[in-house]
Structure formats: structure tokens, C-alpha cells
Amino acid sequence: MMIPSYPSYNEEQFNQIEDFGNELRLADGGSDDRDGFQVFTPNFIVNDMLGLIGNEYIFDLSQTILEPTSGDGAFTVKILQNRLKLLIADETYELKSLQAVSTIYSIEMDPKLIETQRSNIYTVMMQHARMHSVKISQGYRHLAKTIIMTNFMWGLTNIIEGFEDKRIVGWHMPIPVMSSRRYSGTPNYLKARPIRFARWSIGPDLIATCEFEDAEFGQSDQQFDIGGLFDE
């Protein structure tokens, strides 16, 4: 089901997306939490996994890619960097770079990591423009942040038993909890907001529209999952 809409965010949310300048903030592998659940993928493995997908797919701006446990953006950042390398610094750059990021999606449940990932993605866009002396407009910056806020989601990917038949990809965070004392603190997935993906249409004048599509497993022949989660 496609639901016409256009996301809007306040200034505080936009300000959370920073331009880190010359240096991205990406972990180079290993674990970064007390229990060892967060394991960051080294760059050489990222490159090997993207090689399995193939450049023909990665470089096609119309192909949608989902990273379901995305951390600070090891995969999404590399994919966007690869796409931007192909773009010529001409009058179409703003449009094509926005199209490049608009078909990349990610889900991450750690609020600090998704905030860092969003800024890493934005920084890649700003770095590439500076590198090629591309003059970008304020409207471009605003639309880039809108797409990033929408596509790079603070959420939980569905690995919960009992929801396989509902074909839910995941839920937006924070997830409400049970109200009864017996199950106090237990996530209430039935009342959680399911993740939907925004399908963007961006014109040469940088006027964008989008529709939100119900996110269901196996419903798109253009969606490619990376990260290995769905193969476990």
C-alpha cells in the first residue's frame, strides 16, 4: 500500500545532522558495548561484501538497498561514496546526488549510532561537493537532511518470534511497553509503529514528493538486503 505524504522535521532534528568536515566518525571494527552485542564491520569486509553484490547494482541510483542493522554506517557510507564518485560535477549534480541517497535505507536501534550515521551520510555529500567545487544551495541541504532523517531510521528490525506471518520488517523506536504489572517493561509490538519506506520522486528543480510504502518481506524485487541478518 502506498500512502502519499511528505515528512517534515523541526529545526532541532535538523541540527542533529552535522557536517563532520574532513573526517568521518566510523568505528574500524570490534565491539563498542559492555555486552559485546555491537560488533562493527572492518572496512575490508565491507568492501568484500559489496563486491558480492556487484558494482552494476551499487552504482545504479534507482536500485534500493536496505541495511537492517546499520550501526554508524559502515555499509551505507561506502555505498553512497561509490555512487557519488560516478557523478559529474555539472548542473545535474545536485539532483543525481539526492537521488543516490534517496534509494539507500537503514535501520539502527541505538539512537547514538543512528545519529552518527546520519551525520556521516550528510558529511559524505558535503565532502564530495567540496572536493569538486560544486556550489550547493540551501534548498539542497534542506532536502538532503529530510531524506536522511526519513530513510535512515531509528528502529528495531524484526527478529521477533510470532511476527513472521505479519511480514513486518521492523518498528520505529521507541517501542511502547506493556501497561500491566506482570509484563512491565516488555515491548508492546502490537502498538508499535511499523516501519514503512519512503519512495522519493525528485525533480530537476529539487522539488520532491514521496509515498510511504508498507514494508513487507519479499514484496519488492528491487530491494537488496545486506549485512547478513536475514540469512541467519
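Values below: all heavy atoms of this structure, side chains included; hydrogens, waters and symmetry mates excluded. Numbers for residues simply follow the sequence, beginning at 1.
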Do [X] and [Y] make a side-chain contact, defined as non-hydrogen atoms from C-beta onward lying under 4.5 Å apart?
X	Y	answer
D110	E115	no
S201	C210	no
L80	M125	yes

Gap separating the [atom1] atom of [X] from the [atom2] atom of [Y], nearest 0.5 angstrom:
X	Y	atom1	atom2	result
T76	I65	OG1	CD1	10.0 Å
D72	R118	CG	CZ	13.5 Å
L66	F75	CG	CZ	12.0 Å
S179	R181	OG	CZ	11.5 Å
I148	L143	CD1	CG	9.5 Å
M173	I195	CE	CD1	10.0 Å

Contacts of [X] that satisfy side chain to side chain contact (heavy atoms under 4.5 Å, CB included) - sequence neighbours left out:
X	answer
D90	I88, T92
K191	P176, N188
I160	N158, F163, W171, Y189
S137	E94, Y140, L206

Less than 3.5 Å apart, any donor N or O on the side chain of [X] or [Y] sitting next to an acceptor on the other?
X	Y	result
T103	Q63	no
E108	T69	no
T123	E18	no
R141	T146	no

(Q) Just to verify, what does F14 make a ring pair (Phe, Tyr, Trp, His ring centres under 6.0 Å) with, not counting sequence neighbours? (A)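 Scan of F14 (ring pair (Phe, Tyr, Trp, His ring centres under 6.0 Å), adjacent residues dropped) gives H142.
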Holding to side-chain hydrogen bond (donor to acceptor under 3.5 Å, both in side chains), I want the full list of residues that pass it with [X], two or more places apart in sequence or in another chain.
X	answer
Y183	none
W200	N151
T186	none
S119	none

So which atom in [X] and which in [Y] form the shortest heavy-atom distance, rounded to 0.1 Å?
X	Y	value
G73	L26	C-CD2, 3.8 Å
V134	A89	CG2-CB, 3.7 Å
A192	I175	CB-CG2, 3.9 Å
H172	R196	NE2-N, 4.2 Å
I114	S106	CD1-OG, 4.0 Å
A208	I202	CB-CG1, 4.1 Å

(Q) side-chain contact (heavy atoms from CB on, under 4.5 Å), that's the test. Do F152 and V101 meet it? Break it down for me. (A) CA-CA 10 Å; F152 297 79; V101 75; 4.0 Å; yes
Q) Below 4.0 angstrom, N of the basic side chain to O of the carboxylate: do R199 and E211 qualify? A) no
Q | In one Ile/Leu/Val/Met/Phe/Trp/Tyr side-chain cluster, 4.5 Å: M178, L156 | A | no
Q) Any chain of hydrophobic side-chain contacts (each under 4.5 Å) joining L190 to V177? A) no
Q. Taking the six-membered ring of F20, is NZ or CZ of R25 closer than 6.0 Å to its centre and within 45° of its axis?
A. yes
Q. Does the ring of Y122 carry K145 above it, NZ/CZ under 6.0 angstrom from centre and within 45° of its axis?
A. yes
Q.
Could you check whether atom CE of M109 has more than 12 heavy atoms from other residues, nucleotides or ligands sitting under 6.0 Å from it?
A. no
(Q) Taking atom CG as the centre, does N22 end up with more than 12 heavy-atom neighbours from other residues, nucleotides or ligands that are less than 6.0 angstrom away? (A) no
Q. Are D205 and L95 close enough, and set up right, to give a side-chain contact (heavy atoms from CB on, under 4.5 Å), and what steps lead you there?
A. CA-CA 8 Å; D205 53 2; L95 173 61; over 6 Å; no
Q: In sequence, state the C-alpha distance, the side-chain angles, and the governing distance for I107 and W154, and then conclude on side-chain contact (heavy atoms from CB on, under 4.5 Å).
A: CA-CA 6 Å; I107 304 170; W154 180 32; over 6 Å; no
Q. Does anything in residues 42-56 pair up under side-chain hydrogen bond (donor to acceptor under 3.5 Å, both in side chains), and if so which pairs, sequence neighbours excluded?
A.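 Those involving residues 42-56 do not exist here.
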Q | Partner set under salt bridge (charged side-chain N to carboxylate O under 4.0 Å, His left out) for D19, not counting sequence neighbours | A | R130
Q.
Enumerate the ring-ring contact (aromatic ring centres under 6.0 Å, His included) contacts for residues 89-109, please, sequence neighbours excluded, ordered by first and then second residue.
A. Y93-H128, Y105-F197
Q.
side-chain contact (heavy atoms from CB on, under 4.5 Å) for L84 and Q81? Distances and angles first, verdict last.
A. CA-CA 5 Å; L84 294 184; Q81 287 175 327; over 6 Å; no
Q | Flag, side chain of R83 to backbone of S97, donor-acceptor distance under 3.5 Å | A | no
